[in-house]
Amino acid sequence: MGFEKTLSILKPDATERNVTGEINAMLESAGFRIIAQKKIRITLKQAEKFYGIHEGKPFFDDLCVFLSSDSIVVQVLEKENAIMDYRKIMGATNPAIAEEGTIRQKFARSIDQNTVHGSDSAETADTEIRFFFSDMEILG
Ligand code: CMP
């Protein structure tokens, strides 16, 4: 395990409803440190590049349109076992089956508008962090 970094995105359904502060409070209470964070809006092309691994899947187009539809908050979270612990606190991808107390159970509207994204492995976390942040933007 040890200390890890993971990439988190608070998606357009979170920024639109003004709940990014509430989500950050949940994360900080759970022991995550937000060591980089910015609110940005990305283009459809950038969303397609970020979610490239899902290209060809039936939900790909809607997913990329949604992620580029409004502002998002991208952040680097640090904690012991951050990658798996963040996946736990996010809850299941489909909020209909997300556990009580998770971010998606509390906020997500649907599998498409599911409020948050988190990296799924150490390798993905590294690639995803570099996609959005330069070294200078991440607290050491
Ligand atoms: P996320 O963790 O950001 O990664 C890919 C996203 O695709 C996922 O959250 C969902 O919002 C969206 N998605 C829509 N349908 C599906 C599906 N059937 N399986 C996985 N992800 C899906």
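Numbering starts at 1 and runs along the sequence shown. Counting starts at 1 for both ligands and their atoms, following the listed order.
- Contact annotation: the side chain of T124 never approaches that of T127 to less than 4.5 Å [non-hydrogen atoms, C-beta and beyond].
- Looking at residues two or more places apart in sequence or on another chain, you find no ring pair (Phe, Tyr, Trp, His ring centres under 6.0 Å) involving F107.
- Not counting sequence neighbours, F133 has no partner by the ring pair (Phe, Tyr, Trp, His ring centres under 6.0 Å) test.
- At least one side-chain heavy atom of P12 sits less than 4.5 Å from a side-chain heavy atom of L67.
- The side-chain hydrogen bond (donor to acceptor under 3.5 Å, both in side chains) check on S29 picks up nothing, with sequence neighbours excluded.
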Using a cut-off of under 3.5 Å, which N/O atoms of ligand 1 pair up with protein N/O atoms, and what distance separates each pair?
| from | atom 1 | to | atom 2 | distance (Å) |
| --- | --- | --- | --- | --- |
| ligand 1 | 2 (O) | R104 | NH2 | 3.4 |
| ligand 1 | 2 (O) | H117 | ND1 | 3.4 |
| ligand 1 | 3 (O) | K11 | NZ | 2.7 |
| ligand 1 | 3 (O) | Y51 | OH | 2.5 |
| ligand 1 | 3 (O) | H117 | ND1 | 2.9 |
| ligand 1 | 9 (O) | K11 | NZ | 3.3 |
| ligand 1 | 9 (O) | N114 | ND2 | 3.2 |
| ligand 1 | 11 (O) | K11 | NZ | 3.4 |
| ligand 1 | 11 (O) | I111 | O | 2.7 |
| ligand 1 | 11 (O) | N114 | OD1 | 3.2 |
| ligand 1 | 11 (O) | N114 | ND2 | 3.2 |

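- Using cut-offs of 30° and 60° for the angle between ring planes, the F32 and Y86 rings count as perpendicular.
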